Amino acid sequence: MITAIVIPVDPSQPIRLQEIERHDVNAYRQIVGGNLEVATLDRPPAAMYLNEEGKLNRMRVNHRATTLAWVHNSTLRGRDVIVGSALIVGPPNRHGDDTTVPEDLADLLTNTKRYRVQMWTSSEPRWSSDNQVFTDWLEAYRYALQLAETWDLIEEVRVVPELDDELREQWYKLGIENPWISSADDPPFNRNSFVGCYSVEELADRIGHGNWAIGTAFYYRDLCFINQVEGGDEWLTIRHGIAFESMTLEPSIEEGKFARLVRRLLTATKAQCQALTY
């Protein structure tokens, strides 16, 4: 069994997570109402199944699925629409079988309270954002498309979770209590120092870039790393409201072990973090 995101065509019905047998084609067909067509999604990699003959059968436009597809696959943007109900699964494994929908995407659509839109422009090749924060994922996705349509410099857009204010304040207080981090002055460490990462791969890419200033802070979900050494690789590690470890991370990134480390940290209890038994 795998977990899929189902996006009903009826906007009054909420999107939902649904368990489905990956080889049960009839179960897929039942959800989309007919034969299957697949569209590829990016950031994170995923696949959206839809009705292959939906337009011929004059099925209703699925505005939620279309909006989501246009953000996660810019080649579809403004050129095609999704009709009928749709479902999203993860990318195929090495055997060509569907996998569970990416956890980051599932959490974003079903378990996130606030959202921010980020853009990648030709003039500034990194993700950046404005001050707009949304409480509804569809509103955030629509705003992302609005930006992409009106600003020629934008190459890609994405919607990411906005950091909870309470968590930001908690991390800031723990950081400022650290004598090395509190000494940061170029730039100074403050409440705006925390840079969110949408995936473990992005977190690894950020940290692995190296030569970060003291007070540089990256987070993924509720796991935070703050650099303690100028140009170095000593990261104060925070989760469950405690700063429990100082980690050197670049070796684990280079050896391909970073993702497993992050998974262990995210599943560890507070007691395990305190005892360093994660």
Side-chain angles (χ1 to χ4, degrees), residues 43-44 102-108 111-114 116 118 125-129 158 160-278:
R43 303 181 316 276
E103 189 175 0
D104 292 321
L105 183 59
D107 280 348
L108 181 72
N111 197 35
T112 298
K113 296 180 179 178
R114 300 196 303 164
R116 184 181 292 273
Q118 294 185 336
R126 65 181 181 87
W127 292 108
S128 59
S129 64
R158 69 178 184 179
V160 299
E162 168 67 358
L163 179 60
D164 180 77
D165 288 338
E166 183 177 339
L167 206 54
R168 183 192 301 273
E169 186 66 19
Q170 183 185 88
W171 291 347
Y172 170 72
K173 288 181 178 178
L174 289 170
I176 211 69
E177 291 172 358
N178 181 286
W180 294 281
I181 295 172
S182 63
S183 70
D185 60 359
D186 186 24
F189 176 72
N190 57 45
R191 291 173 176 82
N192 296 319
S193 296
F194 302 96
V195 176
C197 297
Y198 185 58
S199 65
V200 176
E201 292 76 16
E202 183 179 351
L203 180 64
D205 183 65
R206 289 276 198 170
I207 292 175
H209 185 272
N211 200 33
W212 292 111
I214 294 177
T216 298
F218 298 114
Y219 68 90
Y220 173 62
R221 301 192 182 182
D222 64 345
L223 175 64
C224 179
F225 298 101
I226 310 175
N227 186 32
Q228 303 173 97
V229 178
E230 186 67 31
D233 182 35
E234 283 294 327
W235 300 84
L236 183 69
T237 306
I238 304 172
R239 189 163 181 260
H240 294 304
I242 57 172
F244 61 92
E245 177 73 289
S246 178
M247 291 187 170
T248 299
L249 298 174
E250 287 186 19
S252 66
I253 294 172
E254 294 170 356
E255 295 168 8
K257 300 177 180 179
F258 183 71
R260 284 178 301 210
L261 171 63
V262 170
R263 282 196 294 270
R264 293 203 310 271
L265 292 172
L266 288 174
T267 56
T269 64
K270 183 174 182 178
Q272 288 172 324
C273 289
Q274 290 173 317
L276 304 182
T277 56
Y278 45 83

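Nothing here was measured: the structure is a model prediction, and the numbers come from that model. Here, residue 1 is the first one in the sequence, and each next residue gets the next number.
Between S193 atom OG and I181 atom CD1 the span is 10.0 Å, to the nearest 0.5 Å. Residue R221 holds its CZ atom at 9.0 Å from CG of N111, rounded to the nearest 0.5 Å. Taking CD from E162 and OG1 from T112, the interatomic distance works out to 11.0 Å, rounded to the nearest 0.5 Å. One distance of note links CG of D164 with CD of Q170; it measures 9.5 Å at 0.5 Å rounding.
Residues Q274 and I242 share a closest heavy-atom pair of CG-CD1, 3.2 Å. Scanning both residues, R116 and S129, for their nearest heavy atoms gives CD-OG, 3.2 Å. The minimum heavy-atom distance between Q272 and T267, with the atom names listed, is OE1-O, 4.2 Å. Minimum interatomic distance between A268 and R239 (heavy atoms only, all atoms of both residues): O-NH1, 2.8 Å. Minimum interatomic distance between P44 and Y198 (heavy atoms only, all atoms of both residues): CD-CE2, 3.5 Å. Across all their heavy atoms, A213 and N227 have their closest contact at O-ND2, 3.2 Å.
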* Could you give me the CA-CA distance, side-chain angles and deciding distance for L261 and M247, then say whether side-chain contact (heavy atoms from CB on, under 4.5 Å) is met? => CA-CA 11 Å; L261 171 63; M247 291 187 170; 4.3 Å; yes
* **Working for ring-ring contact (aromatic ring centres under 6.0 Å, His included), residues F194 and F225** => CA-CA 9 Å; F194 302 96; F225 298 101; over 10 Å; no
* **Working for side-chain contact (heavy atoms from CB on, under 4.5 Å), residues I253 and I207** => CA-CA 9 Å; I253 294 172; I207 292 175; 3.9 Å; yes
* **Step-by-step side-chain contact (heavy atoms from CB on, under 4.5 Å) determination, I214 to Q228** => CA-CA 5 Å; I214 294 177; Q228 303 173 97; 5.8 Å; no
* Carefully, step by step, assess F258 and L203 under the rule side-chain contact (heavy atoms from CB on, under 4.5 Å). => CA-CA 9 Å; F258 183 71; L203 180 64; 3.7 Å; yes
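N178 places none of its side-chain heavy atoms less than 4.5 Å from the side chain of I226. With a 4.5 Å cut-off on side-chain heavy atoms, L167 and D222 count as touching. Residues E250 and E255 are not in side-chain contact: their nearest non-hydrogen atoms beyond the backbone lie 4.5 Å or more apart. P251 has its side chain within reach of D233: a pair of non-hydrogen atoms, C-beta onward, lies under 4.5 Å apart. Side-chain contact between V229 and W180: absent, with no pair of heavy atoms (C-beta onward) separated by less than 4.5 Å. Taking the side chain as every heavy atom from C-beta outward, F244 and L265 approach each other to under 4.5 Å.
The existence of a salt bridge linking R114 and D165 is confirmed by a sub-4.0 Å separation between a basic side-chain nitrogen and an acidic carboxylate oxygen. Under the 4.0 Å criterion applied to side-chain N and carboxylate O atoms, R263 and E103 are not assigned as salt-bridge partners.
Take E202 and apply the salt bridge (charged side-chain N to carboxylate O under 4.0 Å, His left out) test, not counting sequence neighbours, and it matches R158.
S128 and Q118 share no donor-acceptor pair across their side chains, judged by distance under 3.5 Å alone. Between the side chains of E177 and S182, no donor-acceptor pair is found at a separation under 3.5 Å.
Other residues, nucleotides and ligands place no more than 12 heavy atoms under 6.0 Å from the CD atom of E166.
Here the side chain of T237 pairs a donor or acceptor atom with the backbone of W235 at under 3.5 angstrom.
Sorted by first and then second residue, the side-chain hydrogen bond (donor to acceptor under 3.5 Å, both in side chains) pairs involving residues 205-220 (not counting sequence neighbours) are D104-Y220.
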